[in-house]
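Each remark here refers to the structure printed beneath this line.
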Amino acid sequence: MIESLSPEEYNSYYGTYISKVTNPNIISSLQESQQEFLDFMKTVPDEKMHYAYDKEKWTFAEVLQHILDTERIFNYRALCFARNDKTSLPGYEQDDYVPFSNAGEKDKEAFISDYLAVRNSSISLFRSFTPEMLQRIGKANGSSVSCRVAGFVIIGHQKHHLEVLQEQYLT
């Protein structure tokens, strides 16, 4: 867990994700987790992309799309907070996104390409923030979130889902 975060910076719900982040430098942590994702994807057989381990669970591809969607949403939140936008941002219902995600139409290479575009954009975005901007706090889904917490959630959320994919989909 990143020790320098204060409880006012985030809802305890995000603690699961934040606890998975060991590097307090957002940029290098984003870069490290990018490489982890790419290395992980090398191990994924093409035939697993549309596999779900249970009838009620998302497919492998839908989990990947969820990782991308969440990163995009938290980038938007971070941008708003860094720019001192006082608008209270909505939450998002992840299960409502899946049926409209078109994840089943994408192959492994398309996910890797999308991931690189999103993650490189995330790195560029967070690189543009000053230390003061990273400390700014906004509201999303009724809770306070700092700009830097949004970055840590992106990193930890991905780690969480790669663990689930490894344990539930690839073993």
Side-chain angles (χ1 to χ4, degrees), residues 10-11 13-21 23 26-54 56-82 89-129 134 138 140-141 143 145-170:
Y10 64 96
N11 184 306
Y13 171 82
Y14 296 121
T16 301
Y17 304 128
I18 294 167
S19 70
K20 296 187 177 298
V21 181
N23 182 348
I26 294 173
I27 302 304
S28 62
S29 192
L30 284 166
Q31 292 168 329
E32 290 164 9
S33 65
Q34 179 180 43
Q35 191 58 52
E36 288 170 9
F37 180 89
L38 296 173
D39 291 344
F40 174 79
M41 289 301 288
K42 289 177 189 174
T43 70
V44 177
D46 291 332
E47 62 271 10
K48 285 287 189 176
M49 293 302 294
H50 305 292
Y51 167 76
Y53 68 91
D54 193 4
E56 300 296 317
K57 296 297 181 180
W58 294 344
T59 65
F60 195 101
E62 288 169 337
V63 174
L64 293 177
Q65 189 61 56
H66 168 68
I67 292 169
L68 291 169
D69 289 348
T70 300
E71 185 157 341
R72 287 176 168 122
I73 288 166
F74 275 84
N75 278 334
Y76 175 70
R77 290 176 178 180
L79 176 64
C80 291
F81 304 155
L89 301 176
Y92 89 103
E93 180 48 58
Q94 61 190 17
D95 291 321
D96 291 345
Y97 277 52
V98 172
F100 304 100
S101 70
N102 204 33
E105 302 301 316
K106 294 167 66 173
D107 63 14
K108 188 165 94 168
E109 293 308 313
F111 278 108
I112 291 170
S113 178
D114 279 357
Y115 176 83
L116 286 170
V118 172
R119 180 49 60 94
N120 288 333
S121 177
S122 299
I123 292 168
S124 178
L125 178 67
F126 279 91
R127 196 176 270 143
S128 76
F129 297 152
L134 289 168
N141 200 25
S143 297
V145 183
S146 72
C147 179
R148 66 183 180 160
V149 162
F152 293 134
V153 168
I154 288 168
I155 297 158
H157 180 262
Q158 175 186 298
K159 287 181 183 285
H160 165 77
H161 282 293
L162 291 186
E163 290 169 2
V164 170
L165 288 170
Q166 182 64 50
E167 293 167 10
Q168 298 292 333
Y169 292 76
L170 297 178

Does NZ or CZ of Lys106 lie under 6.0 Å from the centre of the six-membered ring of Phe111, at an angle within 45° of the ring axis?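 Here Lys106 passes the 6.0 Å and 45° test against Phe111.
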Let me confirm one number: the [atom1]-[atom2] distance from [X] to [Y], rounded to the nearest 0.5 Å.
X: Arg148; Y: Tyr10; atom1: CZ; atom2: OH; result: 10.0 Å
X: Asn75; Y: Cys147; atom1: CG; atom2: SG; result: 9.5 Å
X: Ile73; Y: Gln94; atom1: CD1; atom2: CD; result: 9.5 Å
X: Asp54; Y: Gln168; atom1: CG; atom2: CD; result: 9.5 Å
X: Leu64; Y: Tyr169; atom1: CG; atom2: OH; result: 9.5 Å
X: Tyr97; Y: Thr70; atom1: OH; atom2: OG1; result: 9.0 Å

Minimum heavy-atom separation for [X] and [Y], please, with both atom names.
X: Gly91; Y: Arg77; result: CA-NH2, 3.6 Å
X: Ala52; Y: Lys57; result: CB-O, 3.5 Å
X: Ser29; Y: Val21; result: OG-CG1, 3.9 Å
X: Gly151; Y: Ile26; result: CA-CG2, 4.5 Å
X: Asn23; Y: Ser28; result: ND2-OG, 2.9 Å
X: Ala78; Y: Phe126; result: CB-CZ, 3.6 Å

Would you find a donor on one side and an acceptor on the other, under 3.5 Å apart, between the side chain of [X] and the backbone of [Y]?
X: Ser124; Y: Asn120; result: no
X: Asn141; Y: Ser143; result: no
X: Ser113; Y: Ala110; result: no
X: Lys108; Y: Met49; result: no

Contacts of Asp39 that satisfy side-chain hydrogen bond (donor to acceptor under 3.5 Å, both in side chains) - sequence neighbours left out: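 In terms of side-chain hydrogen bond (donor to acceptor under 3.5 Å, both in side chains), with neighbours along the sequence ignored, Asp39 is linked to Gln35.
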Decide if the gap between the ring center of Phe40 and the ring center of Phe37 is smaller than 6.0 angstrom.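 Phe40 vs Phe37: aromatic centres not under 6.0 Å.
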Do the ring centers of Phe74 and Tyr14 come within less than 6.0 Å of each other?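 Phe74 vs Tyr14: aromatic centres under 6.0 Å.
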Show me the side-chain donor-acceptor pairs of residues 154-165 shorter than 3.5 Å, one per line, residues at least two apart or across chains.
{"residue": "His157", "atom": "NE2", "partner": "His66", "partner atom": "NE2", "Å": "2.9"}
{"residue": "His157", "atom": "NE2", "partner": "His161", "partner atom": "NE2", "Å": "3.3"}
{"residue": "Gln158", "atom": "OE1", "partner": "Tyr115", "partner atom": "OH", "Å": "2.7"}
{"residue": "Gln158", "atom": "OE1", "partner": "Arg119", "partner atom": "NH2", "Å": "3.0"}
{"residue": "Gln158", "atom": "NE2", "partner": "Ser33", "partner atom": "O", "Å": "2.8"}
{"residue": "Lys159", "atom": "NZ", "partner": "Glu36", "partner atom": "OE1", "Å": "3.0"}
{"residue": "Lys159", "atom": "NZ", "partner": "Glu36", "partner atom": "OE2", "Å": "3.2"}
{"residue": "His161", "atom": "NE2", "partner": "His66", "partner atom": "NE2", "Å": "3.3"}
{"residue": "Glu163", "atom": "OE1", "partner": "Lys20", "partner atom": "NZ", "Å": "2.9"}

Any side-chain heavy atom of [X] within less than 4.5 Å of one from [Y]?
X: Leu38; Y: Ile112; value: yes
X: Ile123; Y: Gln31; value: yes
X: Tyr76; Y: Leu89; value: yes

Verify side-chain hydrogen bond (donor to acceptor under 3.5 Å, both in side chains) between Gln65 and Asn102, making sure each step is shown before the conclusion. CA-CA 9 Å; Gln65 189 61 56; Asn102 204 33; over 6 Å; no
